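Here the structure is laid out as structure tokens; the discussion comes afterwards.
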Amino acid sequence: MRESIEAYLLIAPSLFGFVAFLLLPIIGVFVLSLFSWDLIGDPHFVGLANYRTLAGDHGAWNALDNTLYYVLLNIPAQTVLALLLAIALNRKLRGGKVFRVLFVLPWMAMPVALGIVWTWVFDPRNGVVNHLLALVGVAGPNWLTDKGWAMPVIASVNVWQYTGYTMLFLLAGLQAIPQTIYEAAEVDGVTGVQRFFRITLPLLRPSMLFVLVTNVIGSFQVFDTVYVMTQGGPGDSTTTMNFYIYQQAFQLFHAGYASALSIVLFVLILLVTACQFLYFRKRTVYDFS
Amino acid sequence: MTTRLLRRCLLYLALVLGAVVSVAPYLMTLNSSFKDTHRIFATQAWTPAVPPTFANFTQLWGKYQMSGFLLHTLLVAVVITVGQVTFCTFSAYAFARLKFPGRDLLFAVFIATMMVPQIVTLIPLFLVMSKLGLVDSYAALILPTVFGTPFGIFLVRQYLRTIPADLEAAARIDGAGTWTILWRIILPLSRPIMATLATVTFISSWNNLLWPLMVTDSERITVLTVGISALQGQFASQLNIVLTASALALLPLIAVFLTFQRHIVRSIALTGLK
Amino acid sequence: MLRRSLAAAVTCGMIALTAACGSASSSTASGPVTLNYMIWDAGQKPAYQKSINQFEATHPDIKVNIEVVAWAQYWSKLQTSAAGGDMPDLFWDHLSYLPQLAKRGIVSDLSAKIAADKVDTSVYDPKLLSQWTSGSTVYGLPKDWDSIATVYRSDALKAAAVTAAQLGASNWNTTDGGSFVALLQKLTVDTKGKHPNEAGFDASHVKQYGIALEAPNGQQDWWDFGVQNGCKLQEKAYGTWTVNSPACVAAIKFEQDLMYKWHVAAPGTVTNTPNAAQLPQILAQGTAAITFDGDWDLTSFYAGLPKGGWGATTLPSGPVGSGTVYNGLTDAIYAHTKHPAQAWELEKWLASSTSEKIVADAGTVWPGIPSLTGGFADAWKQKGVDVSAFETETKGTTMGYPLTTTGSAFNTVVLKDLNQVWLNQMAPQAAADDVTRTANAAAGSGN
């Protein structure tokens with residue numbers, strides 16, 4: 001009983017902020033999804049009409065497709081790279097601290113300037129990438145105006161931006177693993193690759209779960225990069241769900257429909273995340289009990 | 001021995017390559033902040049700014065309220081960071097270590113809210129602020145995240161679960177209460193994650209654009225991102241100022257990162273001792 | 001017990017909140033009224049600040065806070081604050097959004113105030129004023145105007161022995177391109193120095209394109225070809241879209257031909273928004289010799305190109321004649337402003353000849369009052385730039401912004417489809433059909 005009271009006291013401030021500034025607006029979105037509203041006039045109750053529109057909306061399905069494609073491009077690359085980086089920088093390495101700062105730098109960049117920066121990099125005529133490719137005799141593609149390339153470019157830009165960030169969490173997780181465990185393992189003759197798979201990875205599982213869950217959620221909601229680089233184009237080949245939601249809410253002023261789209265995306269992410277938790281729980285039980 | 005040396009070299013090569021890719025865009029931005037508009041337009045981003053011009057910097061302070069922007073942003077980011085780290089650690093400890101009715105359900109609800117796309121929730125959040133009469137105030141900038149976020153709680157909770165439970169059990173046997181355990185055992189051990197959370201919170205508050213843009217109007221509280229984004233025109237932008245400001249905006253973040261990073265490293269020694 | 005501590009915590013928080021909110025709203029005591037004035041161009045702020053300083057001096061009971069929000073976020077911010085019932089008292093209004101805002105009754109009708117204060121509206125260019133008038137309703141007093149003209153690099157013209165006068169007097173047609181395409185052929189060179197009308201020209205290695213055209217909705221490119229070709233985007237003001245009419249499709253086709261048939265215009269890979277370099281930059285890089293652009297970018301050309309190294313001339317003429325897009329802004333008064341009288345004072349001031357003169361004489365923007373245009377031209381003459389072409393354009397055939405409540409649907413679909421046309425991935429007719437269908441359907445959906 002005392003423990004319960006203490007626990008509630010501890011979470012009280014967060015709970016208050018959570019209810020007032022997160023849960024309440026989210027409930028608002030649920031309610032809005034049943035209305036037709038252009039933000040200015042009065043909202044009209046339309047029941048489930050927004051959801052019915054959604055079912056027949058080619059644009060929404062296309063955005064869903066693009067989002068899944070993006071997540072598949074982004075998550076594996078970003079997670080593996082970040083893990084490798086974290087392991088490399090977790091050793092005693094000369095200059096390790098410097099590298100750590102350098103790798104995290106992309107994530108600190110102010111979004112406002114990024115649009116300009118990507119023009120420098122991916123412009124087909126004057127961009128860095130095609131200049132470098134030309135040096136080795138390759139004629140670079142048109143990157144952001146090429147339907148095949150635009151999404152991989154967006155995904156790699158996000159890998160660039162978030163690998164160092166992801167690495168931070170994994171590094172913190174790695175450093176929480178007591179050195180004594182490794183020492184004990186060494187006595188038992190567990191080294192190298194075995195050590196990684198039998199000690200590091202299982203013990204890193206809580207951090208891994210965190211990183212995967214939050215990155216997958218973030219990837220499903222990719223927006224900034226699309227906004228500054230392609231605005232969903234060429235055609236609608238990089239229109240992701242969140243960009244589509246933005247367009248509906250803030251360019252076309254269909255706040256109700258955008259809310260319905262948000263709810264659908266939410267349910268989708270919820271399902272994916274639930275799977276992740278179940279997977280990790282199962283594995284964790286096997287390894288630790 | 002030679003294979004070991006070779007592996008080291010390869011590792012360094014990979015790290016250096018990655019570092020170059022990471023830093024190059026920033027260096028180009030910094031480089032461009034020493035060019036006037038004509039040279040930003042006419043020369044490549046990697047062409048050195050020789051001779052450099054400092055006009056962009058003087059303009060930022062003379063013509064635009066850079067000091068004001070920095071001050072407002074700093075204030076907001078510091079308050080949010082302090083609140084976030086404190087309250088997230090409290091909640092995370094409760095979720096990770098204490099038993100109380102509704103714990104798992106509550107935690108699930110917290111996590112679930114992270115999955116609702118942020119963009120549309122800003123509209124009802126704006127309405128909440130509007131009803132509270134807080135539009136165009138520091139409170140509107142700070143309140144939504146200062147009490148901790150599901151992200152932060154989740155982060156710290158996951159970390160606390162990696163701390164062996166026997167440390168705590170031993171303390172309990174010695175008669176320590178929850179508060180003592182929190183202060184004496186959990187907090188010292190949580191330094192790395194608190195430092196990580198502080199870094200993440202500070203940087204994301206610093207770079208947040210959409211919400212401050214919506215909820216503030218006056219110059220007296222304009223934050224950096226809003227101030228800078230205002231310089232982007234309908235068609236052509238004042239690239240020289242935008243680039244210079246964003247190059248500068250990164251410097252405090254690097255400083256913050258370096259400060260907190262020391263704690264991340266120091267904690268290894270602590271964990272090692274136990 | 002649990003529930004009680006929880007309730008206590010929530011109450012605590014609520015008290016903290018109300019305290020904070022109390023301190024925020026306690027400043028509504030008597031004293032000067034503060035008006036919020038929202039604009040989207042930071043470059044114009046200094047001139048407006050100067051004008052407003054004068055206004056504040058003569059109106060000690062009114063303070064004005066100018067808020068700059070970039071165009072990209074301007075309308076979302078405006079709509080969101082409308083949802084909160086908390087819009088700026090006065091804000092720059094654009095014709096592609098006015099009808100949507102007016103329909104919802106959040107832009108004040110000024111006609112009664114104009115009559116009561118006997119404001120002389122005959123000083124404004126009637127073409128501009130009429131765009132902001134619907135029946136007897138007046139949504140704003142013209143504060144400025146803009147038009148589209150040709151901007152060129154002097155060295156590129158000189159190297160190709162082309163003169164600005166020739167460009168301004170040139171004609172285009174859809175069969176052989178006309179003298180306009182002939183001039184652009186001279187201005188286009190590949191890396192081996194060949195022109196597009198010469199054997200051995202390599203279209204994939206162009207060193208300098210004759211022209212670069214870039215516009216998110218068409219204002220600086222195909223609308224201008226359209227008006228020169230007799231294209232009407234709408235059947236009438238507030239009527240249905242007719243973008244797929246033959247004259248409009250031919251204009252779009254001509255622009256696509258400039259890129260892919262004549263090879264004299266930079267293709268969409270170079271110019272498609274949002275990732276393309278901006279027009280002043282494209283000229284400064286030497287990617288193109290000329291461009292069509294609005295006078296709002298003059299400052300950018302001035303900062304980005306060598307002094308005296310560029311100039312402006314009139315647009316070419318098309319099959320139907322000359323023509324440009326002629327547009328202007330007004331200040332809108334929020335219909336539910338808490339300070340309607342003060343907001344009207346500010347509106348009147350900003351549209352007065354005193355204020356428009358301050359802004360025009362600083363070379364900031366062409367004034368909505370024709371008798372003051374000389375001030376703007378002189379300001380630029382002092383910088384060594386002859387901007388008269390923009391004014392010349394407005395004397396001939398012009399088109400205004402389409403007036404429609406489906407502006408945002410139109411803008412969104414146009415950006416998407418026309419970008420594909422400029423990439424040669426979509427036929428002009430198909431794009432025009434899709435734009436027409438989508439934009440008209442938006443009207444049907446009540447939005």
Side-chain angles (χ1 to χ4, degrees), chain B residues 36-44 63-64 100-102 106 119 122-140 142-143 146-147 209-220 222 225-242, chain C residues 2 13 16-18 20-25 34 36 38 40-43 45-46 65-74 76-77 79-81 83-86 88 94 214-216 219-220 273 277-286 293-294 296-297 299-307:
Chain B
D36 57 25
T37 307
H38 172 55
R39 276 193 295 161
I40 290 177
F41 280 178
T43 62
Q44 302 290 7
K63 208 164 146 198
Y64 307 99
F100 58 94
L106 201 56
I119 290 180
L122 291 184
I123 298 174
L125 183 60
F126 181 85
L127 297 185
V128 169
M129 290 300 171
S130 177
K131 285 277 173 294
L132 292 171
L134 293 180
V135 172
D136 203 25
S137 70
Y138 277 115
I142 291 168
L143 283 176
V146 75
F147 296 109
L209 168 66
L210 219 50
W211 176 243
L213 185 90
M214 268 187 194
V215 85
T216 62
D217 305 308
S218 318
E219 221 156 59
R220 68 187 157 78
T222 300
T225 45
V226 175
I228 299 311
S229 79
L231 301 178
Q232 299 202 300
Q234 181 182 358
F235 300 100
S237 310
Q238 304 181 47
L239 289 194
N240 55 331
I241 301 297
V242 172
Chain C
L2 266 180
L17 250 184
T18 21
C21 118
S23 64
S25 55
T34 300
N36 241 357
M38 191 155 106
W40 63 72
D41 187 349
K45 191 185 169 192
N65 169 44
I66 303 185
E67 181 185 10
V68 186
V69 176
W71 173 265
Q73 293 105 17
Y74 187 88
S76 358
K77 163 133 184 166
Q79 302 255 67
T80 314
S81 49
D86 204 10
H94 193 284
E214 178 178 327
Q219 189 182 358
Q220 303 99 290
T273 54
Q278 297 152 355
L279 288 173
Q281 184 168 9
I282 288 179
L283 242 58
Q285 285 168 336
D293 206 353
W296 58 75
D297 269 352
T299 324
S300 246
F301 284 106
Y302 186 72
L305 288 155
K307 307 281 167 280

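A, B, ... follow the sequence lines: proteins, then strands. Residue 1 opens every chain. Remember, predicted model here, so these are calculated numbers, not experimental data.
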Worksheet item: Is the shortest side-chain N to carboxylate O distance from C:Lys45 to B:Glu219 below 4.0 Å?
Response: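 So C:Lys45 pairs with B:Glu219 through a salt bridge.
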For [X], is it the side chain, the backbone, both or neither that has a heavy atom under 4.5 Å from a heavy atom of chain C?
X	result
B:Thr216	backbone
B:Ser130	side chain
B:Leu213	both
B:Ile40	backbone
B:Leu239	side chain

Worksheet item: Are the side chain of C:Asp86 and the backbone N or O of B:Val135 linked by a donor-acceptor pair below 3.5 Å?
Response: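 No, C:Asp86 side chain to B:Val135 backbone: no donor-acceptor pair under 3.5 Å.
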Fill in: Check: C:Asp297 side chain, C:Ser300 main-chain N or O, donor-acceptor pair, under 3.5 Å
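Side chain of C:Asp297 to backbone of C:Ser300: no pair is present.
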Worksheet item: Taking the six-membered ring of B:Phe126 as reference, does the NZ or CZ atom of C:Lys77 fall below 6.0 Å from its centre and within a 45° cone about the axis?
Response: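 The answer is no, since C:Lys77 fails at least one limit relative to B:Phe126.
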Item to complete: Please flag which part of C:Asp41 lies under 4.5 Å from any non-hydrogen atom of chain B: side chain, backbone, both or neither.
Response: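 For C:Asp41, neither part sits under 4.5 Å from chain B.
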Item to complete: Name the region of C:Pro306, side chain, backbone, both or neither, that has any atom closer than 4.5 Å to a heavy atom of chain B.
Response: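 Both backbone and side chain.
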Discussion item. Using a 4.5 angstrom heavy-atom cutoff, name the option from C:Leu279, C:Thr34, C:Ile282, C:Thr80 with the most pairs to chain B.
Written reply: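 Of C:Leu279, C:Thr34, C:Ile282, C:Thr80, C:Thr80 has the most heavy-atom pairs under 4.5 Å with chain B.
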Worksheet entry | Residue pair C:His94 / C:Tyr74, side-chain heavy-atom distance below 4.5 Å |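 Answer no - side chains too far apart.
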Discussion item. Is the shortest side-chain heavy-atom distance between B:Ile241 and B:Tyr64 below 4.5 Å?
Written reply: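 With C-beta onward as the side chain, the pair touches.
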